[in-house]
Amino acid sequence: MLDIQTIRQDPDRFRLAMRNKGYRDTGVLDRAVDLDSERKSIVTTVQSARERSNEVAREVGALFKAGRRDEAERAKEEAARLKDAIRVGEDRLREVEASLEAAMLDIPNVAHESVPVGASSEDNLMAFTNGVIPVFDFRPLPHWDLLERHGLVDFGRGAKVAGAGFPFYVGRGARLQRALIQFFLDMAVSAAGYTEVEPPIMVNADSARGTGQLPDKEDQMYEMTRDGLYAIPTAEVPVTNLHRDEIVAEADLPIRYCAYSPCFRREAGSYGKDVRGLNRLHQFDKVELVQFAHPDRSYEALESLREDAERLLQLLALPYRRLVLCTGDMGFAQSKTYDLEVWSAAQERWLEVSSVSNYEAFQARRMWIRYRPADGGRPEFVHTLNGSALALPRIVAALIENNQREDGSIDIPEALRPYTRFDRIA
RNA sequence: GGAGGGAUGCCGGAGUGGUUGAACGGGGCGGUCUCGAAAACCGUUGUACCCUUCGCGGGUACCGAGGGUUCGAAUCCCUCUCCCUCCGCCA
């Protein structure tokens with residue numbers, strides 16, 4: 001959510017920002033500005049009625065005490081009239097505020113000035129490439145063939161038990177998952193100093209709204225209607241909401257958490273696209289990094305978070321590239337997003353394994369997460385950031401495709417061996 | 001699932017219808033004192049929104065959430081949420 005005060009001062013700037021993000025219809029901006037001024041005029045009216053009403057109530061009390069019953073009764077009549085006026089005003093105010101809120105929730109975040117303006121993924125900025133793309137003197141197998149050959153993942157039984165996109169990881173496949181999770185968490189905690197949390201994997205509607213899943217991406221979440229809960233699509237949701245409705249001390253910033261969680265995504269509308277093997281699942285594992293940063297230092301935090309994620313790819317010796325998403329390809333709530341993509345040797349394409357974003361105050365304003373300035377001034381909104389470090393399935397896909405040998409065996413990267421306790425899968 | 005007890009400011013904790021944004025204590029901040037510190041003493045200490053000649057200022061709301069009673073509610077009534085205790089069930 002953006003600040004209506006700021007929008008009112010310069011609507012054109014926000015109109016342009018919306019268009020850059022690919023929204024043709026910017027009418028919601030004008031609606032918000034109109035509703036805001038209507039809201040203010042109603043508030044003014046209602047408040048002065050209440051002020052008078054408070055006066056009258058005191059008068060009535062005094063008159064009764066003084067035994068002047070007739071005058072008191074007359075004053076009560078005025079009180080009744082005021083009460084009606086207040087009620088009418090409040091009803092109207094409630095409607096206007098609800099409409100304003102709805103409008104504000106529909107306005108996307110503004111992209112940072114360093115973000116390239118563009119219409120689609122074609123216009124993303126390729127910022128950095130690292131590592132060497134492996135060359136084979138045999139035809140490398142796609143990961144789904146390798147997984148099957150070694151019995152690492154059972155897609156068929158997963159489909160029977162839950163549905164397509166809910167695999168069983170088996171034996172060394174399961175062990176590899178656990179090793180990666182442990183490795184990622186250890187790096188975040190020991191090397192980078194994040195505080196580890198294990199979050200709820202279901203959240204209520206307030207939390208889903210706080211990070212921007214609602215109302216924008218409702219179709220992508222599994223919903224437990226009976227209990228009003230949503231299965232989390234990422235640990236970002238519960239972990240960012242951890243400080244919802246709180247005021248933290250400035251000295252505590254940046255606050256940094258890492259969390260492992262399974263993630264659940266309906267992937268509605270993406271059937272038939274990239275669905276083979278581990279490319280796209282309904283349930284997958286991920287370690288997420290979340291930061292709450294001082295507004296003046298959130299872009300430093302973004303770079304450090306990005307580096308924390310990239311370091312893992314380097315340690316796993318996976319060739320990867322870094323993109324700066326253009327305005328048209330980035331999400332509704334983000335100000336700036338880096339995507340990290342690893343090379344998949346058999347599929348011969350780049351797979352997104354991490355998305356690192358600064359949301360500035362967009363989420364914080366929805367969640368009322370503020371900090372108290374050290375000088376004791378009024379509370380200000382923090383900036384929130386998050387990034388995957390990392391999403392497992394595509395890491396596993398790239399890892400086994402890139403590290404396969406002609407005999408079908410798979411080498412485990414050095415850094416991971418202390419966790420897997422095996423060097424290769426043969 | 002059943003029975004009972006709670007929810008007040010940064011914290012503890014008063015307050016059962018009329019200037020109570022809220023006693024008292026603690027903490028924090030500022031000051032006096034001190035070479036410095038402690039102690040003591042004095043002062044101060046929430047958030048949001050509206051109006052403003054933007055300067056100080058004025059106002060409204062908020063005592064878990066929402067509704068109701070009343071001229072007037074932290075205080076009475078209803079609903080909900082959360083927490084605690086006991087019983088049941090259970091990983």
Side-chain angles (χ1 to χ4, degrees), chain A residues 1-9 32-105 198-210 214 224-230 238 241-253 255 262 361 364-382:
Chain A
M1 185 147 58
L2 297 171
D3 178 20
I4 184 65
Q5 317 280 355
T6 320
I7 292 177
R8 190 171 41 208
Q9 281 162 21
V33 171
D34 290 348
L35 285 165
D36 180 54
S37 64
E38 187 177 357
R39 179 192 131 262
K40 286 203 295 188
S41 98
I42 297 170
V43 164
T44 307
T45 310
V46 169
Q47 285 189 356
S48 60
R50 259 204 281 256
E51 184 177 357
R52 178 61 194 149
S53 174
N54 288 343
E55 279 171 24
V56 173
R58 275 193 291 271
E59 284 166 25
V60 172
L63 289 170
F64 270 123
K65 211 172 276 177
R68 295 148 72 179
R69 297 198 77 85
D70 292 354
E71 289 169 79
E73 291 301 330
R74 239 172 291 133
K76 279 169 81 166
E77 284 166 31
E78 184 185 357
R81 277 195 304 277
L82 284 165
K83 192 176 174 179
D84 285 344
I86 292 168
R87 188 182 303 261
V88 168
E90 279 179 338
D91 288 347
R92 179 70 191 135
L93 185 60
R94 240 190 302 276
E95 286 171 28
V96 170
E97 280 179 337
S99 305
L100 177 60
E101 170 87 0
M104 292 307 291
L105 286 175
E198 182 175 316
I201 62 172
M202 294 187 210
V203 295
N204 57 32
D206 284 341
S207 295
R209 197 173 301 112
L214 293 178
M224 269 57 64
T225 53
R226 187 185 171 96
D227 299 290
L229 295 170
Y230 297 85
N241 274 280
L242 200 144
H243 290 298
R244 174 151 51 87
D245 298 319
E246 292 183 15
I247 300 173
V248 302
E250 181 173 15
D252 290 341
L253 299 176
I255 298 173
R365 195 171 282 114
R366 286 177 171 223
M367 287 183 276
W368 284 87
I369 305 178
R370 294 171 293 169
Y371 70 93
R372 167 91 50 200
D375 66 12
R378 329 177 75 219
E380 306 275 355
F381 290 109
V382 301

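Residue numbering restarts at 1 for every chain, and letters A, B, ... go by the order of the sequence lines. Quick note: numbers below take in every heavy atom, side chains included, and nothing from hydrogens, waters or symmetry partners.
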Next item on the list: Calculate the interatomic distance between A:Asp91 atom CG and B:G66 atom C1'; express it in whole Å.
Entry: 14 Å
Note to self: Between B:U20 and B:C84, how many Å separate the two C1' atoms, rounded to a whole number?
What the structure shows: 29 Å
Note to self: Just the rounded figure in Å: distance from P of B:A73 to CD1 of A:Ile86.
What the structure shows: 10 Å
Margin query: In this structure, how many angstroms lie between the C1' atom of B:G58 and the CZ atom of A:Arg50, rounded?
Written below: 16 Å
Check: Using purine N1 to pyrimidine N3 plus N6-O4 or O6-N4 for Watson-Crick, or N1-O2 and O6-N3 for G-U wobble, both under 3.5 Å, which nucleotide pairs with B:U70?
Finding: none
Notebook entry, point to check: If you measure from the Lys or Arg side-chain nitrogens to the Asp or Glu carboxylate oxygens, is any gap between A:Arg81 and A:Asp84 under 4.0 Å?
Noted result: no
Checklist line | Criterion salt bridge (Lys or Arg N to Asp or Glu O under 4.0 Å) on A:Glu97 and A:Arg94, from CA distance to verdict | finding: CA-CA 5 Å; A:Glu97 280 179 337; A:Arg94 240 190 302 276; over 6 Å; no
Checklist line | B:A48 phosphate, OP1 or OP2, under 4.0 Å from A:Arg370 side-chain N/O | finding: yes
Margin query: Of the listed nucleotides (B:U60, B:C71, B:U70), which one gets closest to any side-chain atom of A:Val60?
Written below: B:C71
Checklist line | Complementary nucleotide of B:U85, counting Watson-Crick and G-U pairs under 3.5 Å | finding: B:A3
Margin query: Could you tell me how far B:U8 sits from B:G64 if I compare only their C1' atoms? Round to whole Å.
Written below: 10 Å
Note to self: Can you tell whether the side chains of A:Glu77 and A:Arg74 come within less than 4.0 Å, N to carboxylate O?
What the structure shows: no
Notebook entry, point to check: Checking all strands, does A:Arg87 fall into the base, sugar-phosphate, or nothing category for heavy-atom contacts under 4.0 angstrom?
Noted result: sugar-phosphate
Next item on the list: Could you check how far NZ of A:Lys40 sits from P of B:U60, rounded to whole Å?
Entry: 20 Å
Margin query: If I take atom CE in residue A:Met367 and atom P in nucleotide B:U47, what distance separates them, rounded to the nearest angstrom?
Written below: 21 Å
Notebook entry, point to check: Roughly, in whole Å, what's the span from CG in A:Asp245 to P in B:G64?
Noted result: 16 Å
Next item on the list: Give one of base, sugar-phosphate or nothing for A:Val56, where a contact means two heavy atoms less than 4.0 Å apart.
Entry: nothing
Next item on the list: Using the closest heavy atom to pick a nucleotide of RNA chain B for each, name whichever of A:Arg58 or A:Arg52 lands nearer the 5' end.
Entry: A:Arg58
Notebook entry, point to check: How many Å lie between CG on A:Leu82 and P on B:U70, as a whole number?
Noted result: 16 Å
Notebook entry, point to check: Would you say B:A61 has OP1 or OP2 under 4.0 Å from some side-chain N or O of A:Asn54?
Noted result: yes
Margin query: When you compare the side chain of A:Val382 with that of A:Leu253, does any pair of heavy atoms fall below 4.5 Å?
Written below: yes
Notebook entry, point to check: Across the strands shown, which category fits A:Arg372 at heavy-atom distances under 4.0 angstrom: base, sugar-phosphate, nothing?
Noted result: sugar-phosphate
Margin query: Heavy atoms from C-beta onward define the side chain here; which of B:G72, B:C50, B:A48 lies closest to that of A:Trp368?
Written below: B:A48
Margin query: Counting only Watson-Crick pairs (N1-N3 plus N6-O4 or O6-N4) and G-U wobbles (N1-O2, O6-N3), all under 3.5 Å, who is the partner of B:G36?
Written below: none
Next item on the list: Give a yes or no answer on whether the side chain of A:Arg366 reaches the backbone of A:Arg209 with a donor-acceptor pair at less than 3.5 Å.
Entry: yes
Checklist line | Salt-bridge contact A:Glu90-A:Lys83 (side-chain N to carboxylate O under 4.0 Å) | finding: no
Next item on the list: Both distances under 3.5 Å, Watson-Crick or G-U wobble: report the partner of B:G27, or none.
Entry: B:U45
Check: Toward the 5' end of RNA chain B, which comes first, A:Ile247 or A:Val43, by nearest nucleotide?
Finding: A:Ile247
Notebook entry, point to check: Across the strands shown, which category fits A:Arg74 at heavy-atom distances under 4.0 angstrom: base, sugar-phosphate, nothing?
Noted result: nothing
Margin query: Can you check the distance between B:G26 and B:A40, where both ends of the measurement are the P atom (answer in whole Å)?
Written below: 9 Å
Next item on the list: Under 4.0 Å between any heavy atoms, over every strand shown, what does A:Arg378 touch: base, sugar-phosphate, or nothing? Just pick one.
Entry: sugar-phosphate
Notebook entry, point to check: In whole Å, what separates the C1' atom of B:G67 from that of B:G13?
Noted result: 29 Å
Checklist line | B:G55 to B:U60 separation - C1' atoms, rounded to the nearest Å | finding: 22 Å
Next item on the list: May I ask you to check whether over 12 heavy atoms, not counting those of A:Glu73, lie within 6.0 Å of atom CD?
Entry: yes
Check: What about A:Gln47: does its side chain form a donor-acceptor pair under 3.5 Å with the base of B:G59?
Finding: yes
Note to self: Would you say A:Arg94 places a side-chain N or O within less than 4.0 Å of OP1 or OP2 belonging to B:G67?
What the structure shows: yes
Checklist line | Residue pair A:Gln47 / A:Arg50, side-chain donor-acceptor N/O under 3.5 Å | finding: no
Notebook entry, point to check: Out of B:A61, B:U69, B:G59, which has the shortest distance to the side chain of A:Glu51?
Noted result: B:G59
Margin query: Any base atoms under 4.0 Å from A:Ala57, or only sugar-phosphate, or nothing? Heavy atoms, all strands.
Written below: base
Checklist line | Atom C1', compared across B:U53 and B:C71: separation rounded to whole Å | finding: 36 Å
Margin query: Taking only the P atom of each, what is the distance from B:C80 to B:A23 in whole angstrom?
Written below: 33 Å
Item checked: Distance, C1' atom - from B:G68 to B:G6, rounded to whole angstrom -> 23 Å
Checklist line | Between C1' of B:C49 and CD of A:Gln5, the distance in whole Å | finding: 10 Å
Margin query: Going by the glycosidic torsion and a 90 degree boundary from 0, is the base of B:G21 oriented syn or anti?
Written below: anti
